[in-house]
Amino acid sequence: MKCVEDQMKMIKKGVEEIIPKEDLIKKIEKSIKTNKPLRIKYGIDPTGYDVHIGHLVPIRKMREFQDLGHTGVIIIGDFTAQIGDPTGRDESRPPLTAEMVKKNSEKYMEQLFTVLDKDKTEIRYQSEWFGGMNMMDVIKLMSKFTLAQFMAHDTFRKRWESGNPLFMNEIMYPLLQGYDSVAINSDIELGATEQKFNILCGRDMQRFYNMDQQVAVLSPILLGTDGINKMGKSLNNYIAVFDLPFDKYGKVMSIPDNLILNYFNYATKVDPDEIDNIKKELESGSNPKYIKQRLAREIVSLYHGAEEGMKVEEEFNKIFSQKEIPTDIEEYTVSQSPLWIVKLLTDSNLCASGGEARRMIKQGAVSINGEKITDENLQLEILSEQIIKVGKRKFLKIIKGS
RNA sequence: GGAGAGGUUCCCGAGCGGCCAAAGGGAACAGACUGUAAAUCUGUCGUCGAAGACUUCGGAGGUUCGAAUCCUCCCCUCUCCA
């Protein structure tokens, strides 16, 4: 096992805050002395299974802990999922069935294991400890905190002050998350900085149960592709693990230039020294496009391999810089000919409605074999291998059916 | 339990009997430009073979030639009082 200094150096990298740092040092010392791995906690809510690269910032940290010999513990929040984290924007939550929880967490873990070390990961469900609780236990949990403590928390206070509804069950959220730390006896909890309150709740909760208190290791929040809000599903500014390589590449290319270094730091495995070089390069005024392309390649490679990264980059240049046609285009079989162009666009799902299809034609966004379509009444003679293009990035190959 | 305010199109938010498919902003999409699905500028932004028609302003009824706008009941949220 590595010495305390080495471990600390590795842990501190790319981390915004460690609360309290002294405790972390003590924990590592103890772990080395007793040769016992630390238990590193991270919780997920199985409300869905779309994992984006923002979620993976703390997960990468967990992997580093695992590489240092420690144990990662993933909590499947099958109880907290019924509430919805108040720090998020989610409003009402439909109740989750057991099957949904199972399906979501399996898919979720599949994505996390692109980063984590399976042999050093423990998966635990909240229902293991909350499932058997009765009302007395719940009251006991609630008696540990005051309302004032919760109202001091920014997200609760803001909701309150802006006159938005704040439900009682939402107040339970930090309590449940906090008790998880007691249940699994965690040494360290990982999360983004917005999780500070919840994670510190876990610390308090452990103290109430006379346990060693966990340390909060907080990662910065990854901004979304819009460059303004945190990456998240509700704002549709996220890059998902399940996104196709080409989409990942394109989404990275759409981030504002000032986010490039941020992404290099938190969304790739590029060495910090190398990132320093990139920073200098950016400052020296070289074209950010090429640096962003490298970033996009790095991110795609991380999930799909270096080869795919190169391939996708070529494809991107082809379509957007040289305005050519992509190599692989989805095919669509048409048996009726001639076919009204608007019908073709809607039937093939290139456009959502007839109105949209007409609009696209009017705006000069539709072309067939490179020829712009201007007549929205066009009866198209269907020939095989016609390439239809809508906007910049929607392509379809028409196959003549019989 | 009492008193007040409010629920509008993906989101925020105006409208308070016809000129409302509903201002403005954001998001999204398209075009131009470029260094890219950056930035900027311009345009579009309910559905229907587009003519007119149909559906939409928390829900259900009603008044009216005509309702997002008025009335009744219901559901939901916020504020103050207890």
Side-chain angles (χ1 to χ4, degrees), chain A residues 88-92 156-170 223-240 243-264 281-282 284-300 312-324 326 336 338-347 349-367 372-380 388-395:
Chain A
R89 257 160 239 250
D90 307 280
E91 303 221 330
S92 63
F156 287 126
R157 199 184 57 241
K158 272 190 189 144
R159 282 268 285 285
W160 182 259
E161 283 174 355
S162 66
N164 283 318
L166 181 57
F167 294 92
M168 300 293 285
N169 61 348
E170 296 187 80
L223 289 179
T225 51
D226 56 8
I228 300 162
N229 297 296
K230 76 165 197 175
M231 188 174 281
K233 202 170 180 183
S234 49
L235 290 165
N236 199 23
N237 60 357
Y238 65 103
I239 302 173
D243 273 342
L244 295 171
F246 187 77
D247 286 335
K248 279 200 186 78
Y249 193 96
K251 284 182 183 182
V252 175
M253 291 309 282
S254 78
I255 65 169
D257 293 347
N258 59 17
L259 226 59
I260 295 176
L261 283 173
N262 186 279
Y263 270 47
F264 262 111
E281 212 179 309
L282 268 175
S284 74
S286 52
N287 191 338
K289 181 193 169 188
Y290 301 109
I291 297 170
K292 212 195 274 183
Q293 287 201 304
R294 167 156 181 210
L295 174 67
R297 207 168 59 230
E298 292 282 355
I299 290 177
V300 173
V312 158
E313 179 160 294
E314 259 173 56
E315 198 70 3
F316 184 87
N317 284 331
K318 199 167 158 188
I319 297 170
F320 295 107
S321 304
Q322 292 146 40
K323 300 195 194 284
E324 284 179 25
Q336 190 193 338
L339 184 60
W340 182 39
I341 182 73
V342 170
K343 184 135 174 51
L344 175 64
L345 290 172
T346 49
D347 283 356
N349 282 328
L350 281 168
C351 295
S353 69
E356 187 180 301
R358 285 165 198 277
R359 202 180 305 134
M360 290 296 173
I361 294 166
K362 222 176 286 169
Q363 291 181 146
V366 180
S367 68
K372 196 175 276 186
I373 302 296
T374 48
D375 178 14
E376 58 184 57
N377 292 314
L378 176 75
Q379 295 293 331
L380 183 69
I388 181 159
K389 181 183 177 197
V390 179
K392 283 188 189 113
R393 50 192 158 117
K394 281 198 253 179
F395 296 87

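Throughout, protein chains are lettered first and strands after them, A, B, ... in sequence-line order, and every chain is numbered starting at 1.
Here B/C33 presents its C1' atom at 16 Å from CZ of A/Phe320, a figure rounded to the nearest Å. Separating the CD1 atom of A/Ile341 from the C1' atom of B/G49 is a distance of 13 Å, rounded to the nearest angstrom. Between A/Asn237 atom CG and B/A38 atom P there is a gap of 14 Å when expressed in whole angstrom units. Rounded to a whole Å, the CD atom of A/Glu313 is 17 Å from the P atom of B/G35. The nearest whole Å value for the distance from the CD1 atom in A/Ile255 to the P atom in B/G35 is 19 Å. Atoms NZ (A/Lys392) and P (B/G43) sit 17 Å apart, rounded to a whole Å.
With sequence neighbours left out, the ring pair (Phe, Tyr, Trp, His ring centres under 6.0 Å) criterion links A/Phe264 to no other residue.
Checking B/U79 for Watson-Crick or G-U wobble geometry (two distances, each under 3.5 Å) identifies B/A3 as its partner. In this entry B/U63 has no Watson-Crick or G-U wobble partner, no candidate having both defining distances under 3.5 Å. For B/G24, the paired nucleotide is B/C12, the pair qualifying as Watson-Crick or G-U wobble because both relevant distances are below 3.5 Å. Base-pair partner of B/C57: not found among the strands shown (Watson-Crick or G-U wobble, both distances under 3.5 Å). Within the shown strands, B/C41 is the pairing partner of B/G31 under the Watson-Crick or G-U definition, both distances less than 3.5 Å. B/G17 is unpaired under the criterion used here, namely a Watson-Crick or G-U wobble arrangement in which both key atom distances are under 3.5 Å. Nucleotide B/U36 has no partner under the Watson-Crick or G-U criteria, as no pair reaches both atom distances under 3.5 Å.
Taking the C1' atoms as reference points, B/A5 lies 15 Å from B/C16, given to the whole Å. B/G24 and B/G58 are spaced 24 Å apart, taking the C1' atom of each and rounding to whole Å. If you take atom P in B/G31 and the same atom in B/A68, they sit 36 Å apart, rounded to whole Å. B/G46 and B/C73 have their C1' atoms separated by 30 Å, given to the nearest Å. For B/U44 and B/A27, the C1' atoms lie 14 Å apart once the distance is rounded to whole Å. Atom name P, nucleotides B/G13 and B/G26: the rounded distance is 16 Å, in whole Å. For the P atoms, the distance linking B/U56 with B/A37 amounts to 40 Å, nearest Å. B/A23 sits 15 Å from B/C11 when the P atoms are compared, rounded to a whole Å.
Side-chain N/O atoms of A/Lys289 include none lying less than 4.0 angstrom from OP1 or OP2 on B/G35. Put simply, A/Arg393 has a side-chain N or O that comes within less than 4.0 Å of OP1 or OP2 on B/C29. A/Ser254 has no side-chain polar atom (N or O) that falls below the 4.0 Å cut-off from OP1 or OP2 of B/A38. Contact check, A/Ser353 against B/C48: a side-chain N or O comes under 4.0 Å of OP1 or OP2.
Of the candidate nucleotides B/A37, B/C78, B/C29, B/C78 has the atom nearest to the side chain of A/Pro165. Checked against B/A32, B/A37, B/A30, the side chain of A/Lys372 finds its nearest nucleotide in B/A32. Closest contact between the side chain of A/Asp257 and the listed nucleotides B/U47, B/U36, B/G49 involves B/U36.
Contact annotation for A/Glu161: no contact, since no heavy-atom pair falls under 4.0 Å across all strands. Nucleic acid contact for A/Gly163: sugar-phosphate only, since backbone atoms but no base atoms lie under 4.0 Å from a heavy atom of the residue. In this structure, A/Asn236 reaches neither bases nor backbone, as no heavy-atom distance under 4.0 Å exists between it and the strands shown. Base contact: A/Gly354 has a heavy atom under 4.0 Å from a base atom. As judged by a 4.0 angstrom heavy-atom cut-off over every strand, A/Lys323 is placed among the base-contacting residues. A/Phe167 comes within contact range of the sugar-phosphate backbone alone, with a heavy-atom separation under 4.0 Å but no base atom that close. Across all strands, A/Lys292 comes closer than 4.0 Å to base atoms (heavy-atom distances).
Closest of all the heavy-atom pairs between A/Phe316 and A/Tyr249 is CG-CE2, 3.4 Å. Across every non-hydrogen atom of A/Ala357 and A/Val342, the tightest pair is CB-CG1, 3.9 Å. Among all heavy-atom pairs drawn from A/Gln293 and A/Asn317, the shortest one is NE2-OD1, 3.1 Å.
Counting atom types as modelled, A/Gln363 pairs a side-chain N or O with a base atom of B/G43 as donor and acceptor under 3.5 Å. One donor-acceptor pair, N or O on each side, does fall under 3.5 Å between the base of B/A37 and the side chain of A/Asp247. For a distance-only test at 3.5 Å, the side chain of A/Asn377 fails to qualify as a donor-acceptor partner of the base of B/G49.
Remark: the backbone N or O of A/Ser367 is not paired with any side-chain donor or acceptor of A/Lys389 at under 3.5 angstrom. The main-chain N or O of A/Ser353 is never found under 3.5 Å from a side-chain atom of A/Glu356 such that the two would form a donor-acceptor pair. Using modelled atom types, one side-chain atom of A/Lys292 and one backbone atom of A/Ile255 make a donor-acceptor pair closer than 3.5 Å.
Atom NZ of A/Lys394 has more than 12 neighbouring heavy atoms from other residues, nucleotides or ligands inside a 6.0 Å radius.
In this structure, A/Trp340 forms an aromatic stack with the base of B/G49, since both conditions hold: centre separation below 5.5 Å and plane angle below 30°.
A/Lys318 has no carboxylate O lying under 4.0 Å from a charged side-chain N of A/Glu314, or vice versa, which leaves the two without a salt bridge.
In this structure, A/Gly364 and A/Phe316 both approach RNA chain B, and ranking their closest nucleotides by distance from the 5' end singles out A/Gly364. Projected onto RNA chain B by closest heavy-atom contact, A/Tyr290 and A/Arg358 fall at different nucleotides, the more 5' of which corresponds to A/Tyr290.
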